[in-house]
Each structure stands twice: as structure tokens, then as C-alpha cells.
Novice: 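Attaching a single structure in C-alpha cells format; questions to follow.
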Protein chains: 2
Amino acid sequence: MTDSRPSGTRRVTLSQVAERAGVSRSAVSFVMNGRTDQRLSADVFERVRRAAEELGYRPNQTAKTLRTGRSGTIALVSDFVSSTSYANAMVRGAMRALRERDILLFTVDTEGDPQVEERLLHSLFGRDIDGVIYTSMFTRIVDPPPLLASTRTVLLNCRARGGDDVAVVPDEVEAGREAARLLVAAGHTDGIWFVGDLPPGRRGGLLWNEWGPLALPERLEGIERELASSGLSLAGHAAVEDDWDAPNGQRAVERLLEDGARPSALICVNDAVAAGAYRALHAAEWRIPDDVSVIGFDGSPLAGMLEPSLTSISLPHEDLGRRAATLLLSDDATPRVERVRMPVHLGASVGSPTR
Amino acid sequence: MTDSRPSGTRRVTLSQVAERAGVSRSAVSFVMNGRTDQRLSADVFERVRRAAEELGYRPNQTAKTLRTGRSGTIALVSDFVSSTSYANAMVRGAMRALRERDILLFTVDTEGDPQVEERLLHSLFGRDIDGVIYTSMFTRIVDPPPLLASTRTVLLNCRARGGDDVAVVPDEVEAGREAARLLVAAGHTDGIWFVGDLPPGRRGGLLWNEWGPLALPERLEGIERELASSGLSLAGHAAVEDDWDAPNGQRAVERLLEDGARPSALICVNDAVAAGAYRALHAAEWRIPDDVSVIGFDGSPLAGMLEPSLTSISLPHEDLGRRAATLLLSDDATPRVERVRMPVHLGASVGSPTR
């Protein structure tokens, strides 16, 4: 942009608004700053508001912030949350919780670039932000940028390596237990497979900087602990080639069946891998859930679109975002990790084993 | 939040950074403002950068903006784009185009509330934003808020009722033609149905304020014009009960088949409705594409997960966002509507008619 201020749109002054509204400069200032202790009439308030709007007056936020000590604005700083279609309900949850207290939310994505992150934080801090919700699309361990030390921060869907922060994450271990519990309750014993391990040397999806999501180890931990509590264990693991998407899930289950495995149930690392498993099972003429039960994780819209609908342990993104905002606004900054329950999204993909 | 500035985190001054880095105040100022015309050594630059980071120094953005006349920041203001999982690639496209020019993007959602929108715009303008990308999750006609008149603005995925703006929208009429063209090329003639009209009195989904998306009338217009150019017309329309989701699509096609229709092809208003159509067709033992062809719109990930994969005319969200950002940065503010081509996402759901 060669010039951000087209000619004729110089900043409108308080005096100009006062003149147009036919009131004093102080009255305009009081209205603009939301002061309710000055007994302005509704008429004055409305005239000022209208004059300001007609002239395109912009209150100087920085001056206001210096006076009140708060700007009424929080920033949600993430890697990919607002620019991809996965965890957007975290933005929604945070935004709605903040809005209930009349606080606005700015969202920025860094795409995981530390230099962009630093510039964005400088830019936000230079614009008087009251606090930061620092978040990741996938649940993972992060090293929060040192700049954040100077502002109130809550970590959302991630935990600090050091651990001395307030963090809100989904309870993935309990989610794993829940998946295993559903299968055990349906009568499955020795044919339960896990689909979605990564091949040796891989820590996560290439697209996402190979960050290792906590979902994989924590879901597995829960599954294994719950099975063990019933004296059971997984029949085996089927690894994906590189990522947790449908084509990888399909190939993993194709190989599993080609190798002669006779699973009674598949616990898939996420819904997309489960969608791939469906394809492989349908192609091999295994019926779901008559011949094999399938469980996914995420609770994505996809789960409801599959035939039969997929039972999935849901990521409570909206609750996570809401909880992070609430913690940010609270007085209690005691470092801790809060785990939010992942609810079961019941589909028609789990049944009793028939062999 | 009771106080946004925890004790002990008062704003760090330029002088403190200079002292720690062992350089002059001017040198710090030059580094912080990105001045490259002062021949600072790489060493000085690095020392200042490190001292600023260690102290948590925040450059005063407002002062910088007043000096340079631009802030290096654009806002993407939308109804639901960052807080729902539908059109996020628009954010990605805009962000990447801006980043190539070293400009940052702040994203805010209003959830369609005019009061929230007004507060957000005031808040952004008070923070020295260079321009606004004003956008909607669904392509629709908008009444841009009067406040926008005071800043450089491009409309993204929406058009102004008045029409005197720069707007970027998907070419929905041409997309409709494309869908019809694919079916005509495959040999379909008199059994082509459209699925997704709204019942009388309904203008759009309830969840989305009943805003009438342009997708419906414009896709239909394209379909009808293309068929007419081959001397053909639609065999009929199947309306959904209230929204364009899979359950509604399923019920619409169930009713169609119950009424005795024998479609050779279904053009569904979007991929979700097509997913519902698949369920209804599978339940009635119609094979896709052997017995009936299906086409959707959106090009969502869902299209690739369906069995068989769905041929869909894609919404080019990333291109739209990129184009809007580029137009915002250009010198040409001549009012116009740019239409971006919607590419065909080929699946396996279109075949030749067998009866």
C-alpha cells in the first residue's frame, strides 16, 4: 500500500465531533471513553455517537489505555488456528466468553514461524493488548516466546516445556480410556487393534512442521491402561506411512487385512484415519459394526457423515477456548494444567464381536 | 481482568534497552523502527534486538505509525470466518499475500452482530490499522458499515448493496455452467435434478441469520443457462427442509425417490447435501455413478472422503483471500467486482447414463 490514508481522510479531532454534536469537548471525551459517572443525558450520548460516526472519528485507543490501565482487548496468538479448518471452535469459545465481559478478541496466525510470531507480538503489544491466549492447532508441548513474559498469558491446547504457566488442554489420556471402555463394554477382548502409530523417525505430520501431537502418546496410554485394568491388551498396532489422513488410514488397514489380521475392533487415532479404515473395510467386504467395530477421535463433522456414523471421542474445542479466556480473566495465575473432558460422540460403528 | 499489567512488568523504556545493549538511544530507535538508512552494524542490530527481547521492550506502535503514515497491519473483519471451519483458507490466502510484503494480518469475527462490529472497528481504527478486508463466510450482499468509509477497504466473498466498492467473489454462475457442462458431456439429457432449493419463505440457514447466500441463485442460473444452450432443462428441483447439511440432503433425496422420480444425475447445492444424497441413494441401492451421477459444490475435504469420491466445483477460498489482499495493497481503488474462477475437483461420481 503506498499510503494508508487516502487524501481527505485525515484523523478527525475531538473538537470537530464536539462542534458537530453541539456539545463540549469534555462531553465527547466522556462518551468516547464510556464514562458513566458524569450524568450525561441519553440525548447528548446519542448526538455524540452519531456525530462521531458521521465524521468517522476514531478514539485514540492508546491514550485511553494509558488512563484506564486496560484496553478491553485480548489477542489469540496461534500457529494455524484461524487460517485452517480444524480447531476454529477454540476461537469461538474464547470470543464468546470474552464478549460476555465486553472484551474484544483479535486473532493472529504465525504459521509456526518464530520471526513472524515475534513481529506479531511486538505489533500487538505496541497496540495495548491486555493479555494473550497462546494456542496451537494440535495439542503439543511448546516453548512460549520470552516476549510473553511481559503480559498476562494462558496457554490453550498446549503446555509449556518448563511447566510454569496456566494451560488448558483436552484430557487425552481419559479419552483413550473412554474408547477402550466402550469396546470392553461391548464384549471385545482379544481383537482390538490401534491404527495410527507413526513410522520410526517420524514425530508428526510434515505439513505441521513435524510437531509431535500429544494426542498419539496420550490416547495410546489411556487405551492401554484401560485395557490392562480388565486384564486385556491391544492385539497390535497398524502404523500410517506419514500422516493422519484418510488415504494413510486406508493403506494402513489394507496392509493389516492383507497380513491376515482378523480384528474385532479398530481404534483409529483420529476421524480421518477412521474414514480411511472404512474405505479399506468396505473394499474388503467387512461390515461395520457387524464384522468389525471402529472408533475415532476428534468428533469432527466427518464422523456424522460416514456410513455408518462413526463413534468418536470429541475434542471439546469450544469449551477449551472458553475455559482459557475465563482463566485469563481470573485473578488466579497459579501455574497449572487444566484438563477438559473429551465427550463421547456416539455413532453406529460399535457393536458386539461376532467371532 | 482486574489489572492487565502484573506488578513488576511496567513498560520498558528505550533508554533501558540502550543501556543494556551498550549503544545510544538513537541506535535503539533506528533498529526498532526498521530504519536501514543509518548504517548500523550487524553487531549493534543484534545487541539491540537481544536486549529488547530480554527486557520485554515493546516499541510504541502509535508513535511509529504517526511518523511513517502506515502501521504495517491490515485487519480481516468477518462474520464467522475465523471462528468456524468453513472458509478459513481466505484468511490463509490474505495472510500469505500480506506477509510477502511484510504486512501483518489481524483477524476479528463479529458473529454478524452490528454492535460488536462497530466496537471492533473502533477498536481497530484506534490501533492504527492500514486497511480492512471485509468478508463473509458465505458469498452474499452486504451493507458495509459506514465507519469503513474512513479507511481503505476491499470486500471479500461479498458485494456491497450499493456496488461502489472493490469486491472479490467466486464466479458462481460459471461454476453452475461447469457442473451442467460435465453432465451434458457425459451424455445426460432429461434426468438432471437440482437438490437444494429452499422452502417458500426461507432465505438461508437459520444458524447464519438466514442471510441468503448468492450461491443458490447464481449456481442455479449457471446450470439453467448451460442446459438451455444445449436445448435441455432441469427435470426438476428437490428442496431441502431448512438448511444445506447432510440430513437435509438425505431427506430431500429420499422424498424424491419415494415420489417415483428416476434421476440420471443430481446436482447438489453443496458437498454436505451431496453427502446426504449419497446416504439416500445407498439406502435405496442406487449405485453411484452407475445408476445415477452426483455433483456437489465447495470442493471440501468431505468430497474426497465420500465413496465414491465426489466431483465438486470448488470454492477457491485461498485465491479469493490472496486476491483481496493484493487489491487492497494496489493503487487502483476503482469500484468493481472481480470474479474468481471455481475449479473442478474431479471425483468418481459422474458417469454416463445407463437408461
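Values below: every heavy atom of this structure, side chains too, minus hydrogens, waters and symmetry copies. Reminder, nothing fancy here: chain letters follow the sequence lines and each chain counts from 1.
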Novice: Under 4.5 Å heavy-atom distance to chain A, tell me which part of B/S78 shows up: side chain, backbone, both or neither.
Specialist: neither
Novice: Counting only non-hydrogen atoms closer than 4.5 Å, does B/L120 touch chain A with its backbone (N, CA, C, O), its side chain (CB onward), both, or neither?
Specialist: both
Novice: Could you look at B/E118 and say if it's the side chain, the backbone, both or neither that has a heavy atom under 4.5 Å from chain A?
Specialist: side chain
Novice: Could you tell me whether the side chain of A/V294 reaches within less than 4.5 Å of the side chain of A/L281, counting heavy atoms only?
Specialist: yes
Novice: Specify which of A/L55, A/L76, A/V91 makes the most heavy-atom pairs with chain B at under 4.5 Å.
Specialist: A/V91
Novice: Checking A/Y86 now: which residues fulfil ring pair (Phe, Tyr, Trp, His ring centres under 6.0 Å) with it, not counting sequence neighbours?
Specialist: A/F138, A/H317
Novice: At a heavy-atom distance under 4.5 Å, which candidate from B/M95, B/E318, B/M90 has the highest pair count against chain A?
Specialist: B/M95
Novice: Return yes if some donor-acceptor pair links the side-chain N/O of A/S312 with the main-chain N/O of A/G299 below 3.5 Å, else return no.
Specialist: yes
Novice: Taking A/R96 for the side chain and A/R92 for the main chain, is one N or O donor matched with an acceptor at less than 3.5 Å?
Specialist: no
Novice: Specify which of B/V108, B/L121, B/L148 makes the most heavy-atom pairs with chain A at under 4.5 Å.
Specialist: B/V108
Novice: Test of understanding: with side-chain contact (heavy atoms from CB on, under 4.5 Å), list the residues that count as partners of A/A333, not counting sequence neighbours.
Specialist: A/R152
Novice: In terms of heavy-atom pairs under 4.5 Å with chain B, which of A/D245, A/V81, A/V116 leads?
Specialist: A/V116
Novice: For chain B, which candidate among A/L104, A/D109, A/L306 shows the most heavy-atom pairs at distances under 4.5 Å?
Specialist: A/L104
Novice: Less than 3.5 Å apart, any donor N or O on the side chain of A/D332 or A/S330 sitting next to an acceptor on the other?
Specialist: no
Novice: For A/T110, is it the side chain, the backbone, both or neither that has a heavy atom under 4.5 Å from a heavy atom of chain B?
Specialist: backbone
Novice: Using only atom types and a distance under 3.5 Å, with no angle test, would you say the side chain of A/D271 pairs donor to acceptor with the backbone of A/L302?
Specialist: no
